[in-house]
A.B. asks: 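Pasting in a structure now, in structure tokens, and then I'll have a few things to ask.
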There are 2 protein chains.
Amino acid sequence: MDNTLAMVEGEGRQRILAAAEKLFSAKAFDAVSMNAIACEAGISKANIYHYFPNKDTLYLAVLRVASHNLRAVLNEAVSAHGSVLDVLRHFARNHLQALLNRPQLVRLVWREILERGAPRAQEFAEQGFADMFSALVDVLKLGQSRGEFRQDFDPALVATLLLGANVFFFQSRDILRHYPPITFADDPAGYDAGIVEILLRGLVPASS
Amino acid sequence: MDNTLAMVEGEGRQRILAAAEKLFSAKAFDAVSMNAIACEAGISKANIYHYFPNKDTLYLAVLRVASHNLRAVLNEAVSAHGSVLDVLRHFARNHLQALLNRPQLVRLVWREILERGAPRAQEFAEQGFADMFSALVDVLKLGQSRGEFRQDFDPALVATLLLGANVFFFQSRDILRHYPPITFADDPAGYDAGIVEILLRGLVPASS
DNA sequence: CCGAATATTGACCGATTGGTCGAGTGCTTT
DNA sequence: AAAGCACTCGACCAATCGGTCAATATTCGG
């Protein structure tokens with residue numbers, strides 16, 4: 001009942017989950033074999049089936065913990081204080097930084113979101129989405145109620161715009177880096193700073 | 001040497017390519033078997049190997065034509081005339097509409113972009129990216145040189161923001177639809193109109 | 001120290017994978 | 001007619017797939 005070291009409650013399970021997470025985040029479901037997972041975990045393939053009844057269950061478990069972890073990382077990253085403007089600025093920067101810090105988790109969860117038609121656990125992968133979204137919408141509504149923002153825009157739309165900017169940056173970073181006019185591919189903080197500044201002030205000069 | 005009907009230059013090839021495109025756009029590379037492609041095309045599996053030496057070559061061919069078609073669709077959709085503002089508005093709307101009109105092509109090409117680590121044809125799938133990007137940057141630069149836009153923002157950054165907003169909308173549409181505060185999930189034109197309006201005027205009241 | 005429960009394994013299963021092969025089609029060209 | 005040629009197919013291949021199973025280590029409470 002006690003832990004005699006190196007046997008900290010499901011140590012084998014953890015190794016399997018870690019190996020599976022690594023492989024599943026790098027390649028698609030069908031491209032990862034149980035053999036490869038076992039090899040990565042340093043155990044035999046049959047041993048996996050002692051902990052998980054089949055491949056789908058293992059994948060679901062991986063997605064479950066990954067989604068939970070990603071959610072925690074994101075929620076923690078975007079908690080901020082200060083004026084609404086500062087909160088918004090920190091929100092953008094920390095959110096993107098969190099994505100870039102955990103690329104494996106993001107890729108894993110996002111792939112599940114993208115791959116419709118095989119409804120494995122969409123509802124489940126969407127939770128982090130909802131968290132970010134409602135938190136951001138709340139910030140924007142607060143800014144509106146305080147009169148710091150215009151009243152005539154849809155907070156949900158701006159939230160989508162901001163979240164999308166970060167996700168898109170995360171996804172296309174390697175591509176963006178190839179284009180000469182882009183200088184912010186390796187400067188996510190500068191990217192978000194520019195994004196937020198444009199969002200706040202707009203493209204059209206104030207005189208208009 | 002002439003075409004005796006139903007033999008219009010590679011008719012079999014086209015059927016295979018069409019079937020492969022359909023399946024590859026729905027599921028990942030390893031999740032699509034040559035048998036499934038043959039079945040979808042209504043021919044025997046061995047027959048595929050008469051036209052394509054192996055699965056990778058077939059996939060590459062599919063990606064090639066898909067990328068070319070998508071590129072054409074996008075380029076055609078975003079050509080507009082009028083004032084810089086109108087061009088920008090039409091750019092956003094038509095670009096998103098083009099994405100939504102050809103979801104198969106978009107998913108196929110975008111999956112290839114996402115799936116790094118298996119460099120099949122990234123450089124190849126990125127061409128459409130470059131087209132959209134440079135076209136949009138040109139529009140923004142024109143707006144700046146005409147004095148209709150501020151001078152103090154990075155056109156490449158705004159282009160990323162706008163393209164990202166559309167791609168993100170395309171990707172997350174089904175998820176966005178589940179959230180009550182979102183009313184634009186089924187109104188892409190309204191979405192882009194709101195996006196552009198915010199981009200132009202900003203979130204902060206003009207008095208600031 | 002011993003039995004019981006838990007871990008772990010190699011060998012094996014039927015099914016499916018990407019890919020090959022040789023034999024047949026039917027059409028074209030000499 | 002016959003040779004050539006593009007095309008199509010069923011049968012087949014070794015390899016790998018997800019998954020099973022009986023046998024063996026390992027651990028642990030009594």
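Values below: every heavy atom of this structure, side chains too, minus hydrogens, waters and symmetry copies. We name chains A, B, ... by the order of the sequence lines, and we start the count at 1 in each one. Fair warning: this is a prediction, and the values are worked out from it, not measured in the lab.
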A.B. asks: Checking side-chain polar atoms at under 3.5 Å, does Glu21(A) have a donor or acceptor matched by the opposite partner on Tyr59(A)?
C.D. replies: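 Glu21(A) vs Tyr59(A): no donor-acceptor pair found between side chains.
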A.B. asks: Determine which pairs satisfy salt bridge (charged side-chain N to carboxylate O under 4.0 Å, His left out) with at least one residue from residues 60-71 of chain A, sequence neighbours left out, and list them in order.
C.D. replies: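 For residues 60-71 of chain A, and leaving out neighbouring residues, the salt bridge (charged side-chain N to carboxylate O under 4.0 Å, His left out) pairs sorted by first residue read Arg71(A)-Asp131(A).
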A.B. asks: Is Ser33(B) close enough to dT16(C) that one of its side-chain N or O atoms is under 4.0 Å from OP1 or OP2 there?
C.D. replies: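 No, no such contact exists.
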A.B. asks: May I have the distance from Met34(A) (atom CE) to dA15(D) (atom P), rounded to whole angstrom?
C.D. replies: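 The answer, rounded to whole Å, is 23 Å.
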A.B. asks: Between Thr57(B) and Asn54(B), does any side-chain donor sit less than 3.5 Å from a side-chain acceptor?
C.D. replies: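 Short answer, yes.
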A.B. asks: Would you kindly check if the NZ (Lys) or CZ (Arg) of Lys27(B) is within the cone defined by 45 degrees around the ring axis of Phe29(A) and under 6.0 Å from the six-membered ring centre?
C.D. replies: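 The answer is no, since Lys27(B) fails at least one limit relative to Phe29(A).
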A.B. asks: Would you kindly give the NZ-to-P distance between Lys55(A) and dG18(D), to the nearest whole Å?
C.D. replies: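 In whole Å, dG18(D) P and Lys55(A) NZ are 4 Å from each other.
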A.B. asks: If only side-chain N and O atoms of Tyr51(A) are considered, is one of them under 4.0 Å from the OP1 or OP2 phosphate oxygen of dT8(C)?
C.D. replies: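 Answer yes for this pair, as a side-chain N or O of Tyr51(A) is under 4.0 Å from OP1 or OP2.
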A.B. asks: Compare side-chain N and O positions of His50(A) against OP1 and OP2 of dA7(C) and report whether any pair is under 4.0 Å apart.
C.D. replies: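 Looking at the OP1 and OP2 atoms of dA7(C), one of them is under 4.0 Å from a side-chain N or O of His50(A).
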A.B. asks: Using whole Å, report how far CZ of Phe52(B) lies from C1' of dT20(C).
C.D. replies: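 Value for this atom pair: 18 Å.
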A.B. asks: Is the shortest side-chain heavy-atom distance between Leu114(A) and Leu114(B) below 4.5 Å?
C.D. replies: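 When only atoms from C-beta onward are counted, Leu114(B) and Leu114(A) do not touch, as no gap falls below 4.5 Å.
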A.B. asks: Show your working on salt bridge (charged side-chain N to carboxylate O under 4.0 Å, His left out) between Lys141(A) and Asp138(A) and close with a plain yes or no.
C.D. replies: CA-CA 5 Å; Lys141(A) 279 184 179 173; Asp138(A) 287 345; 5.4 Å; no
A.B. asks: I need the CG-C1' distance between Asp30(B) and dC17(D), as an integer number of Å.
C.D. replies: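 Whole-Å distance recorded here is 12 Å.
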A.B. asks: For the pair made of OH in Tyr59(A) and C1' in dG18(D), what is the distance, rounded to whole Å?
C.D. replies: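 Roughly 17 Å, once rounded to whole Å.
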A.B. asks: What parts of residues 36-49 of chain A reach DNA chain C, counting only heavy atoms under 4.0 Å away?
C.D. replies: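 Going residue by residue through residues 36-49 of chain A, the ones with a heavy atom under 4.0 Å of DNA chain C turn out to be Ile43(A), Ser44(A), Ala46(A), Asn47(A).
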A.B. asks: Please state how far atom CG in Asn35(B) lies from atom P in dC13(D), giving the value in whole angstrom units.
C.D. replies: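 Answer to the nearest Å: 17 Å.
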